[in-house]
Amino acid sequence: MSSYDDSRPDAAEQDREAGSPARVGTVVWGLTVVALAALIIISRLGIVALDGTYVLIGLMIGAGAALIVGGLVSARRRDNRPTTGKS
């Protein structure tokens, strides 16, 4: 008897995995890093003088707010889906 399992997920499960949207946290932290990089470049070019402490505080407040709002929107969308009867 072999312990090798060659079973593959059904088509519905593959479609659900393939069509899954990006996670809110990934998008928010990616945008935070891009914004920080842009602010560093602007600061180094001498266009604007920035205080690092205030920049980090602002980015963390913005990222935290975006994570909370994104989580609430995601939870609300998840609650509106029909149940499949599986737990």
Side-chain angles (χ1 to χ4, degrees):
M1 181 174 336
S2 173
S3 63
Y4 178 73
D5 183 17
D6 192 27
S7 63
R8 295 200 167 98
D10 60 346
E13 187 174 334
Q14 285 179 344
D15 290 341
R16 185 172 55 242
E17 289 176 2
S20 63
R23 296 180 125 182
V24 174
T26 303
V27 173
V28 168
W29 286 112
L31 290 173
T32 302
V33 170
V34 169
L36 184 59
L39 288 171
I40 290 172
I41 290 171
I42 289 170
S43 176
R44 294 293 177 195
L45 291 175
I47 298 171
V48 177
L50 299 172
D51 183 10
T53 304
Y54 292 131
V55 168
L56 287 177
I57 289 171
L59 284 173
M60 291 300 108
I61 290 172
L67 285 169
I68 291 170
V69 170
L72 291 173
V73 169
S74 177
R76 186 173 182 96
R77 187 178 343 130
R78 195 175 325 123
D79 286 344
N80 290 337
R81 290 184 188 160
T83 58
T84 61
K86 298 180 182 178
S87 53

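- Members clustered with Val33: none, using a 4.5 Å side-chain heavy-atom cutoff among hydrophobic residues.
- A distance of 6.5 Å separates CG of Leu56 from CG of Leu36, quoted to the nearest 0.5 Å.
- For Val24 against Ala66, the heavy-atom pair with the smallest separation is CG1-O, 4.2 Å.
- Counting only distance, with no hydrogens or angles, the side chain of Ser74 and the backbone of Gly70 share no donor-acceptor pair below 3.5 Å.
- Considering Val55, Leu59, Ile61 in turn, Ile61 is the only one that fulfils the side chain to side chain contact (heavy atoms under 4.5 Å, CB included) rule with Ile57.
- Taken together through direct or relayed side-chain contacts under 4.5 Å among Ile, Leu, Val, Met, Phe, Trp and Tyr, Tyr54 and Leu39 form parts of separate hydrophobic clusters.
- Residue Leu31 is found in a hydrophobic cluster whose other members, listed by chain and number, are Val27; membership requires side-chain heavy atoms under 4.5 Å apart, directly or through intermediates.
- Under a 4.5 Å side-chain heavy-atom criterion applied to ILVMFWY residues, the cluster that includes Val73 comprises Val69 as well.
- Under a hydrophobic clustering in which Ile, Leu, Val, Met, Phe, Trp and Tyr are joined whenever their side-chain heavy atoms come within less than 4.5 Å, directly or via other members, Leu72 and Trp29 fall into different clusters.
- In this structure, CZ on Arg44 lies 10.5 Å from CG on Leu50, to the nearest 0.5 angstrom.
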